[in-house]
Amino acid sequence: MYYGYHIMVGLGTIFIGIMVLTSFLLWKGRLYKTKWLLWILMFMIPFPYIANTAGWYTAELGRQPWLVYNLMRMVDGVSPTVSSGNTLFTLLGFVGLYLLLGLLFLLLVLKIIRKGPEATKMALK
Ligand code: HEM
């Protein structure tokens with residue numbers, strides 16, 4: 001939980017710094033000529049996903065052992081009518097669905113990258 005929280009906040013702070021710098025250079029009309037920052041921006045693509053996952057870890061691990069703080073523990077939230085087989089089946093269904101959506105996402109992103117940016121919007125002089 002400690003690392004989850006610090007990874008999230010660390011990345012969030014880095015994102016804010018990069019956003020301020022990027023906005024400033026965009027405003028000054030120098031962003032598209034500042035190659036090192038464009039590289040950083042491209043390599044930053046996976047990090048919001050990592051921050052998201054770390055944030056979720058923080059929330060889920062941080063609330064243990066409570067389902068509803070001070071009212072209901074996790075152990076009391078187990079449903080006697082849902083079997084472990086049902087849970088596994090649903091889990092596999094979600095894994096399959098998100099795998100499909102993830103692959104679709106990658107394919108679409110690759111398609112956009114291959115197409116490249118529109119030259120007219122690049123303000124390259
Ligand atoms: C300065 C930066 C940030 C601060 C101070 C911050 C703070 C927090 C706090 C206090 C929580 C609640 C933890 C709890 O349940 O008690 C949280 C949850 C979360 N954060 Fe962050 N966060 C930051 C950046 C980010 C970033 C950049 C992302 C994603 C791109 C992110 C994604 C999440 C997610 C997904 C949760 C879990 C929400 C939930 O399921 O309830 N956070 N954050």
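The figures here come from the full heavy-atom set of this structure, side chains too, leaving out hydrogens, waters and symmetry mates. Order of appearance sets the numbers: ligands from 1, and atoms from 1 within every ligand.
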Checklist line | Qualifying residues under side chain to side chain donor-acceptor pair (under 3.5 Å), relative to T81, sequence neighbours excluded | finding: S79

Next item on the list: To the nearest 0.5 Å, tell me how far K33 NZ sits from L25 CG.
Entry: 11.5 Å

Next item on the list: Would you kindly confirm whether Y3 and V9 end up in one hydrophobic cluster when ILVMFWY residues are joined by side chain heavy atoms under 4.5 Å apart?
Entry: no

Notebook entry, point to check: Just which atoms of ligand 1 are under 4.0 Å from any heavy atom in F15?
Noted result: 27 (C)

Margin query: Donor-acceptor check, side chain of T34 to backbone of L37, threshold 3.5 angstrom: yes or no?
Written below: no

Notebook entry, point to check: Which residue supplies the protein heavy atom nearest to atom 30 (C) of ligand 1, what is that atom called, and how far is it?
Noted result: P48 O, 3.4 Å

Next item on the list: Can you see which heavy atom on A51 is nearest to which on F15, and at what distance?
Entry: CB-CE1, 4.1 Å

Check: At what distance is the nearest protein heavy atom to atom 35 (C) of ligand 1, and which residue and atom is it?
Finding: N52 OD1, 3.2 Å

Margin query: Which heavy atom of W66 sits nearest to which heavy atom of R73, and what is that distance?
Written below: CZ3-CG, 3.7 Å

Notebook entry, point to check: Would you say atom 22 (N) of ligand 1 has a protein heavy atom nearer than 4.0 Å?
Noted result: yes

Check: Looking at atom 12 (C) of ligand 1, would you say a protein heavy atom lies below 4.0 Å from it?
Finding: no

Next item on the list: Would you name the heavy atoms of A54 and G4 that are closest together and state the gap between them?
Entry: CB-O, 3.3 Å

Margin query: Can you give me the closest heavy-atom contact between Y32 and L38, atom names plus distance?
Written below: O-CD1, 3.8 Å

Check: Hey, what do you get for OG1 (T58) to NE2 (H6), rounding to the nearest 0.5 Å?
Finding: 10.0 Å

Notebook entry, point to check: Which heavy atom of the protein is the closest neighbour of atom 10 (C) of ligand 1, given with residue, atom name and distance?
Noted result: Y5 CE1, 4.0 Å

Check: Do any protein N, O or S atoms sit under 2.8 Å from atom 21 (Fe) of ligand 1, and which ones are they?
Finding: M8 SD

Check: Can you list the ligand 1 atoms lying under 4.0 Å from a non-hydrogen atom of A59?
Finding: 15 (O), 37 (C), 39 (C), 40 (O), 41 (O)

